[in-house]
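Worksheet: the structure to be examined is printed underneath.
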Amino acid sequence: MKHYIGAASPMRAQFEPKAGYQAEHFSWAFEAGVGTITLNRPERKNPLTFDSYAELRDLFRALSFATDVKSIVVTGAGGNFCSGGDVHEIIGPLTQMKMPELLEFTRMTGDLVKAIRHCPQPIVGAIDGVCAGAGAMIALACDLRYGSPATKTAFLFTRVGLAGADMGACALLPRVIGQGRASELLFTGRAMTAQEGHAWGFFNALHESDALLGAATAVARDLAEGPSFAHGMTKTMLSQEWSMTIDQAIEAEAQAQAICMQTEDFKRAYEAFSAKRKPAFQGD
């Protein structure tokens, strides 16, 4: 969950802000509590490289300790989200590697999904155009996803002779769209249309391409203005309860909610309700 670390806390130095982060292999912007990651190799439909995988993994890990970032938007430049691993910079070299190196690579790509899922802030995907391979997995790992009518999402691992079981696809995708639909996409590698994705629950909503990023950012800004500690708790429980029985989940939520009831944000909400005004949450 997202922990609040006050300015006077002796631990504050361990929780560095990320407003001024300088990304090397993608773009990073920060405004009003919202961090925006833009995959920006538009001439190639924003493919990933060994370096961008690693930097994304490290950034999402670091965002767990960022006191200023309350929500995150992930998007792509040039009308596309991400075409997956770069054919020449990743797939070509992989064909020359031995098992130990291959396993290091596949673990690194999986670590990116783990970092996204473990990052306590809500993560909103603004997904336009091509969303394929590892790009589809980044989108799937987001908490909320918004697409456009032009979005085509393909888990195309089988098209390159690999299993559909990649970066957690066989665990995450059935939970989002159902076992049968996930099986079809992972076996065939065919593209899921935007309309299918919306109907199946992959996308929360569709927006025209020119309005997509603005709509996703508006959602992220609303989340950033909310109770960030409680949002982190919600994300934690959504993940942990996959492996719980109903009784275990109910007890875990009882404990989680009791913790949230000790926050100042809970008191602020009550005081704002009594005064008939909007609460100003601070995350503590």
Side-chain angles (χ1 to χ4, degrees), residues 1-21 28-37 59-75 115-126 141-146 204-205 207 211 213-242 244 246-284:
M1 71 202 74
K2 185 71 173 174
H3 295 282
Y4 177 82
I5 304 296
S9 171
M11 295 193 299
R12 184 58 183 261
Q14 302 171 37
F15 291 79
E16 291 296 324
K18 284 294 177 183
Y21 176 74
W28 166 262
F30 178 81
E31 183 179 359
V34 180
T36 301
I37 294 169
L59 175 58
F60 277 108
R61 285 176 174 173
L63 285 168
S64 295
F65 305 98
T67 55
D68 53 344
V69 180
K70 308 297 184 183
S71 64
I72 301 158
V73 174
V74 184
T75 191
I116 295 171
R117 296 308 310 147
H118 292 164
C119 188
Q121 296 93 332
I123 300 173
V124 181
C142 292
D143 299 296
L144 301 172
R145 289 166 295 276
Y146 296 90
N204 295 86
H207 301 276
L213 181 58
T217 301
V219 172
R221 190 171 295 118
D222 285 344
L223 291 169
E225 293 174 355
S228 56
F229 179 89
H231 284 340
M233 184 69 82
T234 299
K235 184 165 181 175
T236 296
M237 300 315 295
L238 281 168
S239 178
Q240 289 184 354
E241 290 182 36
W242 283 356
M244 294 181 183
I246 295 297
D247 285 357
Q248 289 170 335
I250 290 171
E251 174 58 23
E253 291 190 6
Q255 296 180 26
Q257 205 70 303
I259 292 170
C260 290
M261 288 174 181
Q262 296 180 77
T263 64
E264 293 301 313
D265 274 349
F266 181 59
K267 296 177 184 177
R268 290 187 187 102
Y270 171 71
E271 291 166 357
F273 179 81
S274 298
K276 298 182 179 180
R277 55 177 169 78
K278 183 180 179 179
F281 293 118
Q282 297 181 31
D284 60 339

Is the shortest side-chain heavy-atom distance between [X] and [Y] below 4.5 Å?
| X | Y | result |
| --- | --- | --- |
| F266 | C260 | no |
| P122 | I72 | no |
| F30 | V69 | yes |
| R268 | Q282 | yes |
| V73 | Y146 | no |
| R117 | K235 | yes |
| T217 | R221 | yes |

Short N-O contact, D222 and K70, less than 4.0 angstrom: no
Salt bridge flag under 4.0 Å for residues K278 and E225: yes
So, for [X] and [Y], which heavy atoms are closest and what is the spacing to 0.1 Å?
| X | Y | result |
| --- | --- | --- |
| A224 | A32 | CB-O, 4.1 Å |
| F281 | A269 | CE2-CB, 4.0 Å |
| A220 | S71 | O-OG, 2.7 Å |
| C119 | L63 | SG-CB, 3.8 Å |
| Y21 | W28 | O-CD1, 3.3 Å |

Trace of the side-chain contact (heavy atoms from CB on, under 4.5 Å) decision for L223 with V124: CA-CA 10 Å; L223 291 169; V124 181; 4.1 Å; yes
Rounded distance (nearest 0.5 Å) linking atom [atom1] of [X] with atom [atom2] of [Y]:
| X | Y | atom1 | atom2 | value |
| --- | --- | --- | --- | --- |
| L59 | I37 | CG | CD1 | 4.5 Å |
| T236 | Q240 | OG1 | CD | 6.0 Å |
| N204 | D143 | CG | CG | 10.0 Å |
| Q255 | E253 | CD | CD | 11.0 Å |
| W242 | M237 | CH2 | CE | 13.5 Å |
| K267 | Q262 | NZ | CD | 9.0 Å |

Heavy atoms of other groups near Q257 CD, more than 12 under 6.0 Å: no
Crowding at CD, E264 (>12 non-hydrogen neighbours, <6.0 Å): yes
Criterion side-chain contact (heavy atoms from CB on, under 4.5 Å) on E271 and R277, from CA distance to verdict: CA-CA 9 Å; E271 291 166 357; R277 55 177 169 78; 4.3 Å; yes
Short side-chain to backbone donor-acceptor contact, D265 and G283, under 3.5 Å: yes
Any donor-acceptor N/O pair, R145 side chain to A126 backbone, under 3.5 Å: no
Worked check of side-chain contact (heavy atoms from CB on, under 4.5 Å) between R61 and H118: CA-CA 8 Å; R61 285 176 174 173; H118 292 164; over 6 Å; no
Step-by-step side-chain contact (heavy atoms from CB on, under 4.5 Å) determination, D284 to T263: CA-CA 6 Å; D284 60 339; T263 64; over 6 Å; no
